[in-house]
Structure formats: C-alpha cells, structure tokens
Peer 1: 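My structure is below; once you've seen it, I'll send some questions.
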Amino acid sequence: MLRIFAAMTTRILFVCLGNICRSPAAEGIMRRLAEREGAAGLLEIDSAGTYGGHRGELPDPRMRSAAARRGLALTHRSRRIAEEDFDRFDRIVVMDDMNYEAVHRLAPSREAAGKICRMTEFCRRHPDRTCVPDPYYEGHEGFERVLDLLEDGCEGLLDSLKEEGRL
C-alpha cells in the first residue's frame with residue numbers, strides 16, 4: 001500500500017508593539033528565507049502588534065526604506081494581535097520582554113502560552129542579545145541594527161524548524 005504524507009504547514013506570527021517596524025520586517029525576512037529554501041508552501045507567516053493604534057497602516061517609511069535596501073518590500077498592513085491568533089498560529093515570536101508579557105497575558109491557556117517565544121532565542125550571530133530593540137525613536141543605524149538581528153533570528157528559526165522536522 002502506497003502512503004503519501006502531506007507536509008504540515010507551520011504557522012508563525014511575529015509580534016512587536018505597533019506592528020509597523022520589527023514584526024513586519026521579520027515577516028518579510030522569513031518569507032524571503034522560506035522562498036530561498038523552497039519552503040514557502042510549508043509556512044504561513046504573519047505579524048501583529050500588541051498596540052492597535054496603527055491599525056491598517058503600512059510599516060514605518062524608515063523601516064520600508066531600510067528593508068528595500070536589502071531587497072525586501074514590506075507591504076503588510078498593521079493589525080493588533082487577538083486571542084484567536086493562539087488557535088491560528090503554532091509559534092508566536094515576540095521582539096522584547098514588554099511584548100512577551102502582553103502576549104502572555106492574552107493567552108487563553110497554559111498550552112497557548114507555550115507557543116510564545118522570543119526572537120532572540122534563535123539568534124546565533126548575536127547570542128548576547130535579549131531583545132530586538134524598537135527602532136522607532138532611533139535613526140537610520142537603529143533600523144539597520146534591527147534588520148541585522150531579525151535576519152539572524154529568522155535564519156535561526158528556520159534552522160530550528162528544520163531540526164524539528166517541520167521543513
């Protein structure tokens with residue numbers, strides 16, 4: 001008897017404060033990495049914020065500009081994380097401790113809270129980092145530094161998914 005196994009889709013949600021800098025950049029980076037690896041069909045990737053004041057907006061123009069210099073087009077529209085996201089996503093990757101705590105408070109159960117992790121847990125080239133800092137009030141260098149951290153973290157996350165047999 002011939003058995004055909006369909007690969008399961010892994011669903012990842014990146015979360016920052018306003019969903020206009022870090023999380024949409026992480027979403028764009030992860031999409032590009034998945035495409036390069038031939039794994040785009042195995043991942044569902046989205047982003048959200050813990051603050052809803054930017055709902056419907058494109059990412060910050062400074063982040064879009066910095067990302068464009070790296071070949072990324074960030075077109076995501078900001079949205080706020082919702083309790084339903086815990087059912088929809090397998091992993092919820094947050095950028096800093098403040099967002100970790102906010103998302104943890106939103107989790108409807110311990111099992112759901114177990115889906116939350118920090119982006120820096122996957123960083124290999126920046127192992128000393130405990131958060132991806134918010135570049136909103138920084139200059140050009142802040143956005144570049146954040147993109148460096150996100151590229152590192154997304155590469156590590158992709159490697160982690162491979163090690164788990166999800167890709």
Side-chain angles (χ1 to χ4, degrees), residues 10-34 43-70 72-110 112-158 160:
T10 299
R11 299 158 306 183
I12 302 168
L13 180 67
F14 294 103
V15 180
C16 69
L17 180 61
N19 192 215
I20 59 168
C21 292
R22 297 169 289 175
S23 57
E27 176 185 348
I29 291 166
M30 194 66 172
R31 285 184 193 282
R32 179 172 64 186
L33 291 173
L43 295 176
E44 179 183 327
I45 306 161
D46 195 6
S47 63
T50 57
Y51 164 72
H54 296 289
R55 184 175 182 213
E57 293 179 20
L58 285 169
D60 184 286
R62 297 166 296 170
M63 180 54 85
R64 289 196 324 257
S65 177
R69 285 191 292 277
R70 297 179 187 220
L72 291 168
L74 305 181
T75 59
H76 174 83
R77 295 286 180 165
S78 177
R79 72 176 186 88
R80 189 172 188 179
I81 188 171
E83 188 175 317
E84 300 81 48
D85 287 322
F86 286 92
D87 291 329
R88 186 170 163 223
F89 292 94
D90 302 305
R91 289 233 176 125
I92 300 175
V93 183
V94 301
M95 301 298 151
D96 59 36
D97 288 343
M98 181 181 73
N99 290 296
Y100 182 88
E101 291 170 13
V103 173
H104 212 274
R105 283 192 301 273
L106 185 62
S109 67
R110 283 184 178 208
K115 296 178 177 187
I116 307 166
C117 56
R118 291 171 176 84
M119 176 58 99
T120 53
E121 292 175 26
F122 303 102
C123 287
R124 308 257 167 87
R125 293 185 306 273
H126 304 90
D128 57 323
R129 296 305 300 231
T130 59
C131 75
V132 177
D134 191 342
Y136 189 80
Y137 296 105
E138 295 189 32
H140 167 75
E141 299 81 24
F143 288 89
E144 294 297 331
R145 183 174 36 259
V146 164
L147 287 170
D148 289 343
L149 289 168
L150 293 175
E151 286 174 350
D152 184 15
C154 285
E155 289 167 3
L157 175 55
L158 196 63
S160 175

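Nothing here was measured: the structure is a model prediction, and the numbers come from that model.
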Peer 1: Quick check for you: to the nearest 0.5 Å, what is the distance between Leu13 atom CG and Ile81 atom CD1?
Peer 2: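 Answer for the CG-CD1 pair, Leu13 versus Ile81, is 5.0 Å.
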
Peer 1: Could you tell me if the side chain of Phe122 sits less than 4.5 Å from the side chain of Leu158, heavy atoms only?
Peer 2: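 The answer is no, as the side chains (C-beta and beyond) never meet within the 4.5 Å cut-off.
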
Peer 1: List, one per line, each side-chain donor-acceptor pair under 3.5 Å for residues 99-108, sequence neighbours excluded.
Peer 2:
unit_1: Asn99; atom_1: OD1; unit_2: Thr50; atom_2: OG1; d: 2.7
unit_1: Asn99; atom_1: ND2; unit_2: Asp96; atom_2: OD1; d: 2.8
unit_1: Asn99; atom_1: ND2; unit_2: Asp96; atom_2: OD2; d: 3.3

Peer 1: So which heavy atom on Arg125 is nearest to which on Pro127, and how close?
Peer 2: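 Reported closest heavy-atom pair: C-CD, 3.3 Å.
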
Peer 1: Between Arg129 and Asp152, is there a salt bridge with N-O shorter than 4.0 Å?
Peer 2: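 No.
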
Peer 1: State, yes or no, whether a side-chain contact exists between Arg31 and Leu43 at a heavy-atom distance under 4.5 Å.
Peer 2: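 Side chain of Arg31 against side chain of Leu43, heavy atoms only: no contact under 4.5 Å found.
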
Peer 1: Do the side chains of Glu151 and Arg32 get close enough for a salt bridge, i.e. N-O under 4.0 angstrom?
Peer 2: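 Looking at Glu151 and Arg32, the cut-off is met.
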
Peer 1: If you look at every heavy atom in Ala25 and Met63, which pair is closest and at what distance?
Peer 2: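 Closest approach of Ala25 to Met63, heavy atoms only: CB-SD, 3.9 Å.
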
Peer 1: Rounded to the nearest 0.5 Å, how far does CZ of Arg22 lie from CG of Asp60?
Peer 2: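 If we round to the nearest 0.5 Å, Asp60:CG and Arg22:CZ are 12.0 Å apart.
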
Peer 1: For Arg110, I'd like to know if atom CZ has over 12 heavy atoms of other residues, nucleotides or ligands within 6.0 Å.
Peer 2: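 No, CZ of Arg110 has 12 or fewer neighbouring heavy atoms, counting only those of other groups under 6.0 Å.
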
Peer 1: Salt bridge between Arg70 and Asp148, side-chain N to carboxylate O under 4.0 Å?
Peer 2: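 Yes, charged N to carboxylate O under 4.0 Å.
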
Peer 1: Listed by chain and number, what are the side-chain contact (heavy atoms from CB on, under 4.5 Å) partners of Asp97, not counting sequence neighbours?
Peer 2: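 Applying side-chain contact (heavy atoms from CB on, under 4.5 Å) to Asp97 gives Arg118.
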
Peer 1: Enter the distance from Ile20:CD1 to Arg77:CZ here, rounded to the nearest 0.5 Å.
Peer 2: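 Reported value, rounded in 0.5 Å steps: 12.5 Å.
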
Peer 1: Does the pair His76 and Asn19 meet the rule for a side chain to side chain donor-acceptor pair (under 3.5 Å), with working shown?
Peer 2: CA-CA 9 Å; His76 174 83; Asn19 192 215; 2.7 Å; yes

Peer 1: Going from CG on Asp46 to CZ on Arg79, what distance comes out if it is rounded to the nearest 0.5 angstrom?
Peer 2: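 Spacing of CG (Asp46) from CZ (Arg79) equals 4.5 Å.
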
Peer 1: Please round to the nearest 0.5 Å and tell me the distance separating atom CD of Glu138 and atom CZ of Arg62.
Peer 2: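 Between Glu138 CD and Arg62 CZ, I get 9.5 Å after rounding to 0.5 Å.
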
